[in-house]
Amino acid sequence: MKNELPKSGIVRRKINEHYLIYDGDNHEAVQAFVKPFDSHVTKKKNKMQIVTSRGATAVEPGEVIIKGFENRIEIFSQSEFEETYQLTD
């Protein structure tokens with residue numbers, strides 16, 4: 001029998017995750033980075049929409065895209081990113 005997890009607590013991820021900063025012009029880099037998910041420039045031309053299996057999300061210039069476990073996509077402001085992540089070598 002597996003140990004049962006407590007209902008709440010503090011956790012830390014065990015994996016390294018990749019990131020890319022969307023600068024407003026690197027559309028092709030974002031599209032390649034978020035594969036296998038679809039992405040496109042929005043009508044406002046300064047945002048990109050990323051369509052994942054968990055729904056659609058938008059990224060604005062200066063925001064950081066994280067590609068994590070099982071290609072999970074998360075979007076952070078640069079300050080949120082710096083508070084949450086530490087760069088590895």
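Quick note: residue numbers are just sequence positions, from 1.
- Considering only residues two or more places apart in sequence or on other chains, Tyr19 meets the ring pair (Phe, Tyr, Trp, His ring centres under 6.0 Å) condition with Phe81.
- Taking Phe33 as the reference, nothing meets the ring pair (Phe, Tyr, Trp, His ring centres under 6.0 Å) condition, with sequence neighbours excluded.
- There is a path of hydrophobic side-chain contacts, each under 4.5 Å, that joins Ile75 to Val34.
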Per-pair distances, 0.1 Å, donor-acceptor, side chain in residues 6-14, under 3.5 Å, sequence neighbours excluded:
unit_1: Arg13; atom_1: NH1; unit_2: Glu17; atom_2: OE1; d: 3.3
unit_1: Arg13; atom_1: NH1; unit_2: Glu17; atom_2: OE2; d: 2.6
unit_1: Arg13; atom_1: NH1; unit_2: Glu74; atom_2: OE1; d: 3.0
unit_1: Arg13; atom_1: NH2; unit_2: Glu74; atom_2: OE1; d: 3.3

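- In terms of hydrophobic clustering, with Ile, Leu, Val, Met, Phe, Trp and Tyr side chains grouped at heavy-atom distances under 4.5 Å, Leu20 and Leu87 are assigned to different clusters.
- Evaluation of the side-chain contact (heavy atoms from CB on, under 4.5 Å) rule for Ala58 yields no partner, not counting sequence neighbours.
- With values rounded to the nearest 0.5 angstrom, Tyr85 atom OH is found 10.5 Å from Asn16 atom CG.
- Among residues two or more places apart in sequence or in another chain, the side-chain contact (heavy atoms from CB on, under 4.5 Å) test is passed with Ala56 by Gln49, Val51.
- Taking the salt bridge (charged side-chain N to carboxylate O under 4.0 Å, His left out) definition, one finds that Glu80 meets it with nothing, sequence neighbours left out.
- Between Phe37 and Thr52, the shortest heavy-atom contact is CD2-CA, 3.5 Å.
- Every side-chain contact (heavy atoms from CB on, under 4.5 Å) that His27 has, sequence neighbours left out, goes to Tyr22, Val41, Met48.
- Note on residues 21-36: no pairs pass salt bridge (charged side-chain N to carboxylate O under 4.0 Å, His left out), not counting sequence neighbours.
- Hydrophobic cluster membership of Ile15, counting Ile, Leu, Val, Met, Phe, Trp and Tyr whose side-chain heavy atoms lie under 4.5 Å apart directly or via other members: Phe69.
- Residue pairs that meet the ring pair (Phe, Tyr, Trp, His ring centres under 6.0 Å) test with at least one member in residues 42-65, sequence neighbours left out, do not exist here.
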When the side chains of residues 59-66 are checked against the rest of the protein, which donor-acceptor pairs come out under 3.5 Å, sequence neighbours left out?
unit_1: Glu63; atom_1: OE1; unit_2: Glu60; atom_2: N; d: 2.8

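- Thr88 pairs by the side-chain hydrogen bond (donor to acceptor under 3.5 Å, both in side chains) definition with nothing, not counting sequence neighbours.
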